[in-house]
Amino acid sequence: MLEVGGARILIDCGMFQGSRAIEQDNAEEFDFDPAVIDCVLLTHAHLDHCGRLPLLVARGFRGDIIATAATRDLTELILRDSAHLQEEDARYRAQRKSHDRREQPAIKPLYTNDDVDRTLELFRSTARYDHRMQVTRGVHATFLDAGHILGSACILLELEEDREKQRVLFSGDLGSNGRPIIRDPSRAPWADVVVMETTYGDRSHKALQPSVAELYAVIHDTFAHGGNVLIPTFALERAQELLYFLREGIAGGQLPRKMQVFLDSPMAISATEIFRRHPDCYDRETAALFAGERDPFGFDGLHLARLADDSRAINRIAGGAVIMAGSGMCTGGRIRHHLRQHLWRSDSSVVFVGFAAAGTLARRIIDGAETVRIHGEEIRVEANVHTIGGFSAHADQEELLAWHGQTGDPKRTFLVHGEHEVMQKFATRLTNTQVDLPARGESFEL
Ligand code: ZN
């Protein structure tokens, strides 16, 4: 939260994600009264950036939420899915508690779909990239392409208070250069104060092209042995990126022309439709494909499985197919059914292309578990397991440093959105700026 000249602005309002204990923090009171916030500037649609907006609204926020058009559309998808999960979780806990005879407080979901409706009504003005807009008295904002996911932005705020001016730059989540579909991150403008993410502040990514080649090789090998390839997939960005590379591989002759690909995820299918509606966010190659009336996310052998019946029908395909399904960490969703069908088959492969947190099913399989439990059944892991690391949507250490370098020599830099040790390591790489690692609830005078 930024306070300037009596105005209060929130940048993002995300959910805590991780273990049950961490997620309990989502229900806690905000450190401020939501009713006094004038507006929220939203950098992008990931749940850890937008996930508590409905709660903010339920607790009294009535101002504007400002985001790019693509972020608004993706946020609707993400928040509706989140509300659905909250409502299901509350029902499940209520059922378990009803066996307990003692008087219990009612179990309520964190928020509902109605709260999401009220939240979406507050997206009253739309931000355009590189367009300076006044958001409240004494505050101008410019949204810059962050190159992270469709619609994502860094936000430059120009503040004025008692004739004093300051430029404060929020990175949001920064993308990696050379990704398909969306543009590379915009050059950072100069700023007096920088608030930046540090997710991968301590490491370098593997290159993208070798990762794509590795994916193609796994598909060839697996098909040659008569099996299927499973790819646990995040619905946003990664699914569309994979469709893009599969289409490219087929068109370029690196993959079998008639191969069957199943996108078995209603959420990923909806997200792909939103991608199609926002060609203004594409990079030059993807825009050219679209202008040539070729669908960057579609090809002949692609099947979209929205209904549960479509999903079950995939079980009849013994080999020669790529099956993409959520969730990416295999904690829920349709991928678990496909894993049950395939993990015991030595002719099939499972390819992990995203981050897998400790304690998740994906992580256990990656770490080499001999057996795993799915839907109450113990299953031997005989399939070939591959982890392909080059598909990250986040900037790595080199890219973060380069981006910071573009801001000139800011007086102050605040590091956020990273594990503490990672932030400490990254801080040692910054020079000519005062670096702070703010704790939750801490305030600073700029
Ligand atoms: Zn993000």
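Just so it is clear, the structure is predicted and the values come from calculations on it, not from any experiment. We number each residue from 1, following the sequence as shown.
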**Student:** Under a 4.5 Å cut-off applied to non-hydrogen side-chain atoms, are L343 and I365 in contact?
**Tutor:**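 Touching, per the 4.5 Å side-chain cut-off.
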**Student:** Taking the side chain as everything from C-beta on, heavy atoms only, tell me whether R132 gets closer than 4.5 Å to E158.
**Tutor:** yes
**Student:** Look at the rings of H338 and H342 and say which category their plane angle falls in: under 30° parallel, 30 to 60° tilted, over 60° perpendicular.
**Tutor:**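 Correct class here is tilted.
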**Student:** More than 12 non-hydrogen atoms from neighbouring residues, nucleotides or ligands closer than 6.0 Å to CZ on R440, yes or no?
**Tutor:**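 Enclosed: over 12 neighbouring heavy atoms sit under 6.0 Å from CZ of R440.
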**Student:** Please test Y111 against T119 for side-chain contact (heavy atoms from CB on, under 4.5 Å), starting from the C-alpha separation and ending with a verdict.
**Tutor:** CA-CA 11 Å; Y111 52 79; T119 305; over 6 Å; no
**Student:** Using 0.5 Å steps for rounding, measure from the OG atom of S265 to the CZ atom of R334.
**Tutor:**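 Output value for this atom pair is 7.5 Å.
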**Student:** Taking the side chain as C-beta and beyond, is there a heavy-atom pair between T407 and M196 under 4.5 Å?
**Tutor:** no
**Student:** Answer yes or no: is there a side-chain heavy-atom contact under 4.5 Å between I181 and P296?
**Tutor:**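 A side-chain contact under 4.5 Å is absent here.
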**Student:** Can E273 and R306 be counted as an ion pair, charged N to O under 4.0 angstrom?
**Tutor:**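 Yes, this pair counts.
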**Student:** If you measure only the distance, is there a donor-acceptor pair under 3.5 Å linking the side chains of H225 and D347?
**Tutor:** no
**Student:** Answer yes when R247 and D295 have at least one side-chain N-carboxylate O distance shorter than 4.0 Å, and no when they do not.
**Tutor:**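 Looking at R247 and D295, the cut-off is not met.
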**Student:** Decide if atom CZ of R93 counts as having more than 12 heavy atoms of other residues, nucleotides or ligands within a radius under 6.0 Å.
**Tutor:**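 Check passes, neighbour count above 12.
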**Student:** So F275 and F297, would you call those rings parallel, tilted or perpendicular, with 30° and 60° as cut-offs?
**Tutor:** perpendicular
**Student:** Take a 6.0 Å sphere around CG of D300 and say whether it holds more than 12 heavy atoms from other residues, nucleotides or ligands.
**Tutor:** no
**Student:** Taking the side chain as every heavy atom from C-beta outward, state whether L120 and I65 have any atom pair closer than 4.5 Å.
**Tutor:** no
**Student:** Which heavy-atom pair separates L243 from F299 by the least distance, and what is that distance?
**Tutor:**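 For L243 and F299, the tightest heavy-atom pair comes out as O-CE2, 3.7 Å.
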**Student:** Looking at E370, I'd like to know if its CD atom is crowded, meaning that more than 12 non-hydrogen atoms belonging to other residues, nucleotides or ligands lie closer than 6.0 Å.
**Tutor:**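 No, CD of E370 has 12 or fewer neighbouring heavy atoms, counting only those of other groups under 6.0 Å.
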**Student:** Can you confirm whether the side chains of S348 and N228 place a donor and an acceptor under 3.5 Å from each other?
**Tutor:** no
**Student:** For the pair F262 and H303, name the ring-plane relationship: parallel under 30°, tilted 30 to 60°, perpendicular over 60°.
**Tutor:**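 Parallel: the ring planes of F262 and H303 meet at under 30°.
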**Student:** Measuring only between side-chain heavy atoms, which start at C-beta, is I335 closer than 4.5 Å to L361?
**Tutor:**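 The answer is no, as the side chains (C-beta and beyond) never meet within the 4.5 Å cut-off.
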**Student:** State whether D117 and R80 are salt-bridged, where the test is any N-O pair (Lys NZ or Arg NE/NH1/NH2 against Asp/Glu carboxylate O) under 4.0 Å.
**Tutor:**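 R80 and D117: salt-bridged.
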**Student:** Using side-chain heavy atoms (C-beta onward) and a distance below 4.5 Å, is I388 in contact with F352?
**Tutor:** no
**Student:** Look at atom CZ of R124 and say whether more than 12 heavy atoms of other residues, nucleotides or ligands are closer to it than 6.0 Å.
**Tutor:** yes
**Student:** Kindly give the heavy-atom pair with the smallest separation between L437 and A427, and that separation in Å.
**Tutor:** CD1-CB, 4.3 Å
**Student:** Here's a test for you: under side-chain hydrogen bond (donor to acceptor under 3.5 Å, both in side chains), which of T272, T286, T233 qualifies with Q240?
**Tutor:** T272
**Student:** Between R179 and E237, does any NZ, NE, NH1 or NH2 come within less than 4.0 Å of an OD or OE carboxylate oxygen?
**Tutor:** no
**Student:** Which heavy atom in Y216 sits nearest to a heavy atom in Q254, and how many Å separate them?
**Tutor:** CD1-CB, 3.7 Å
**Student:** Between H394 and H205 (judged by ring centroids, cut-off 6.0 Å), do the two rings come close enough to count as a pair?
**Tutor:**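 No, they do not, as the ring centres are separated by 6.0 Å or more.
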**Student:** Are any of the side-chain heavy atoms of V353 and F234 separated by less than 4.5 Å?
**Tutor:** no
**Student:** Looking at NE2 of H44 and OG1 of T71, how far apart are the two atoms once the value is rounded to the nearest 0.5 Å?
**Tutor:**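 Separation between the atoms: 8.0 Å.
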**Student:** Tell me the closest heavy-atom pair linking F426 and G201, and the distance in Å.
**Tutor:** CD1-O, 3.4 Å
**Student:** Say you draw a straight line from CD of E121 to CZ of R118; how long is it, rounded to the nearest 0.5 Å?
**Tutor:** 8.0 Å
**Student:** Rounded at 0.5 Å granularity, tell me how far CG in D145 sits from CG in D130.
**Tutor:** 8.0 Å
**Student:** In Å and rounded to the nearest 0.5 Å, what is the OG to CG distance from S349 to D221?
**Tutor:**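 Going from the OG atom of S349 to the CG atom of D221 covers 7.5 Å.
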**Student:** Between atom CG of L230 and atom CD of Q341, what is the distance when rounded to the nearest 0.5 Å?
**Tutor:** 10.0 Å
**Student:** In terms of side-chain heavy atoms, does E197 have a donor or acceptor partner in S171 at a distance below 3.5 Å?
**Tutor:**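 No donor-acceptor contact under 3.5 Å links the two side chains.
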**Student:** Please determine whether the number of non-hydrogen atoms from other residues, nucleotides or ligands lying under 6.0 Å from atom CZ of R277 exceeds 12.
**Tutor:** yes
**Student:** Surrounding CZ of R294 (heavy atoms of other residues, nucleotides or ligands, distance under 6.0 Å), is the total greater than 12?
**Tutor:** no
**Student:** Considering residues, nucleotides and ligands other than E419, do more than 12 of their heavy atoms fall under 6.0 Å from its CD?
**Tutor:**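 For E419, atom CD is not crowded (no more than 12 foreign heavy atoms under 6.0 Å).
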